[in-house]
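So the structure is just underneath, and the comments pick up after that.
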Amino acid sequence: MANSPSEEPEYDLAVIGAGPAGVAGAVTAAELGLAVALLDAAERPGGQFYRHPHPALGAARPQALHHDWGTFVDLRRRLAASGLRHLAGHHVWTVVPAGPEGPWGVHAVTGADGGGPLVRIRARAVLLATGAYERQLPFPGWALPGVVGAGGAQAMLKSGLVLPGNGTCSVGVRSRAGARVVVAGSGPLLLAVATTLAAAGARVPAVVEASDYLGYARRPGALAAQPGKLAEAAAHRAALWRHGVRLRTRSAVTEVHGADRVAAVTVSRLDRDWRPVRGSGRRIACDALAVGHGLVPQLDLALALGCATRRTPDGASALDLDTHQRTSVPGVWAAGETGGVGGAQLACVEGELAGLAIAARLRGRPAPTAIRRARSLRRRRDRMRAFADVMARTHAPGPGWSRWLDDATEVCRCEEVTAGRVREAVADHGARDARTVKLLTRAGMGWCQGRMCGPAVACLAAQVPGTGLPPSPERRPLAVPVPLGVLAALDEPPGPGDGTG
Amino acid sequence: MAHDRNPARLVGAAPGPAFEITFDGRPVPALPGQSLAAALWAAGILAWRTTRVGGRPRGAFCGIGHCFDCLATVNGTANRRACLVPARPGDTVTTQEGNGHGELAV
């Protein structure tokens, strides 16, 4: 049949996601002799962290946009030498088991925007390395053009060599005065984003961090075990100082001004619970605002498979993993941000650990060198996970953030549902959770399926003061958009019992 | 003060020759390897659709294909995520009104 998925040979392992965790896991397993397929939506490996310009842009110094580029160069070399099957441009939309522990049918659509032909591969084991995406908290004016995700601004800069704002010249075109980009939200990503934007020519009037950095000082043990993180933070701070960027902690952008694009923002001081301090607002003129409140694990495929989750200290859901990176579903492993946001170095360590564990499982006994290697990796992982917990706790959204929403603020960008309508659903119609709010208001029912508004809607629905951010329901039947025609043309419905091709 | 830093200079880019796409009929330069959203940003264009309910302008937000704010009509096809679709010579991008299927009157 014309539209039925193209078949691939059966692999030992399917790795989903070609970021640091996925590539590390895939090459480790392949080097130990497994037949590995690595599927990723992007054209090039690296994930969001090692996102880099297309070769046609001829970047002689891609490392200028990156921290620790050497690690990726090494991974990429091993990937090329490993002989594993790298399926780039493959958007995996579901994974289905043929039996209780697999084999697994991994279904993907292809093409830049997922509009291409279907592919289905089969594998004895699955490694989920699907990463994370940015958590967004709404505020008045955040839907105005020129307001972009902090990670989004960095992604567009890393891959397309562009800045948001007033037009940033292409090669050979006279450069204009650099766009003024305020960077705001919470989390360590903000410092990296501001540094990169400034190095690339943006003028960054301020970095606005809703927390402060005292949380790190309260956990000196975790900090001392990660001296590299301190050095990284110091380097960012030095770079910001060099570029004349002001860091404002305990502050937030509480309003964006402009008619059809950003012209200025209001920055307000926050109290300990992130409530804006009345009368503290200061206006900063700018062309763009890059904003994000940390990252949340991307768990669509894992939740559809039934993998157990845990709460992270910043209120997100992450996969509950054992010491071998196993999920609660036999035959499914996970690594990197899916197990809790912790950064690229941790992702590499966990990817390698998962690769070793999967090879040991599928091939019988592990080699003695692999046992020693795994022991050392586990120690590094545990240190980094402890630091990640401190980071999450330090930057966890405070319960007072919703005070900066007015009733007209759009919470759900896709369905244009305002905070007023969400509050009405809660106060007048008795909604107590995000799902009920969704049914009453359509918040989270649009194109992005709640990826942007989920945490905010869940928080507004919970209405329990002082509890911070409740986890939002990430369960979605399909992980990426799939045209109905594609589903209709499948030769058998996906579900338990399917996946045998 | 002359402002001579830019992203291309930062990475020492030597791209292939620029080509032209159009946005609402106006020529916009693009570089090989750039997404449509990147080419539009480089030209200072931040919005290329209007929302279904309020008719408000929107452009790229998440930059990685998650938020669907950057939907555009590309070569007559509505609802393409401009941050994921590579720019090709002669592409026509037009501002997408609402759901992009206004002509169906549904």
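So you know, we letter chains A, B, ... as the sequences are listed, proteins then strands, and number each from 1. Atom set for the values below is all heavy atoms of this structure, side chains included, hydrogens, waters and symmetry mates excluded.
The side-chain heavy atoms of Arg51(A) and Ile64(B), taken from C-beta on, include a pair separated by under 4.5 Å. Side chains of Trp41(B) and Leu157(A) form no contact here, defined as non-hydrogen atoms less than 4.5 Å apart. Side-chain contact between Phe68(B) and Pro481(A) is present, with at least one heavy-atom pair separated by less than 4.5 Å. Counting only heavy atoms from C-beta outward, the side chains of Leu57(A) and Pro32(B) never approach each other to under 4.5 Å. The closest side-chain heavy-atom distance from Leu10(B) to Arg61(A) is not below 4.5 Å.
Residue Ala37(B) touches chain A through both its backbone and its side chain, counting heavy-atom pairs closer than 4.5 Å. Looking at Glu134(A), neither its backbone nor its side chain comes within 4.5 Å of chain B, counting heavy atoms on both sides. Neither the backbone nor the side chain of Gln154(A) comes within less than 4.5 Å of any heavy atom of chain B. Residue contact with chain B, scored on non-hydrogen atoms closer than 4.5 Å, is absent for Leu197(A). For Ala59(A), the parts lying under 4.5 angstrom from a heavy atom of chain B are both the backbone and the side chain. Looking at Gln63(A), neither its backbone nor its side chain comes within 4.5 Å of chain B, counting heavy atoms on both sides. Looking at Leu71(B), only its side chain comes within 4.5 Å of chain A, counting heavy atoms on both sides.
The choice from Ala42(A), Gly152(A), Gly58(A) that makes the most heavy-atom pairs within less than 4.5 Å of chain B is Gly58(A). Put simply, of Ala47(B), Pro57(B), Pro86(B), the one with the most heavy-atom pairs under 4.5 Å next to chain A is Pro57(B). Of the listed residues Gly149(A), Ala200(A), Ala153(A), Pro53(A), the one with more heavy-atom pairs under 4.5 angstrom with chain B than any other is Ala200(A). Here Ala199(A) is the residue among Ala155(A), Ala199(A), Ala64(A) with the most heavy-atom pairs under 4.5 Å with chain B. Taking chain B as the reference chain and counting heavy-atom pairs below 4.5 Å, the highest number among Gly146(A), Pro62(A), Ala143(A) is found for Ala143(A). When each of Ala60(B), Gly59(B), Ala39(B), Ala38(B) is scored by its heavy-atom pairs under 4.5 Å with chain A, the top score falls to Ala38(B). Taking chain B as the reference chain and counting heavy-atom pairs below 4.5 Å, the highest number among Gly292(A), Gly165(A), Ala290(A) is found for Gly165(A). Interface remark: of the candidates Asn79(B), Thr51(B), Val85(B), Thr51(B) forms the most heavy-atom pairs closer than 4.5 Å to chain A.
Judged by distance alone, with hydrogens and angles left aside, the side-chain atoms of Asp113(A) form no donor-acceptor pair with the main-chain N or O of Leu84(B) at under 3.5 Å.
Atoms CG and SG, on Asp69(B) and Cys448(A) in that order, are 8.0 Å from each other to the nearest 0.5 Å. Note that CZ of Phe61(B) and CG of Leu144(A) are 11.5 Å apart. Values are rounded to the nearest 0.5 Å. Here the straight-line distance linking atom CZ of Arg413(A) with atom SG of Cys62(B) works out to 9.5 Å at 0.5 Å rounding. We find the CG-CZ distance between Asp260(A) and Arg56(B) to be 8.0 Å, quoted to the nearest 0.5 Å.
For the residue pair Cys414(A) and Cys67(B), the shortest heavy atom distance occurs at SG-O, 4.0 Å.
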For this session: Would you please test His66(B) and Gln298(A) for side-chain hydrogen bond (donor to acceptor under 3.5 Å, both in side chains) and show each step?
Result: CA-CA 11 Å; His66(B) 267 111; Gln298(A) 182 167 311; 2.9 Å; yes
Exercise. Step by step, would you call His243(A) with Arg5(B) a side chain to side chain contact (heavy atoms under 4.5 Å, CB included)?
Worked result: CA-CA 12 Å; His243(A) 291 295; Arg5(B) 292 195 314 272; 3.9 Å; yes
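Taking the ring centre of Trp447(A) as origin, the terminal cationic atom of Arg52(B) falls inside the region bounded by 6.0 Å and 45° from the ring axis.
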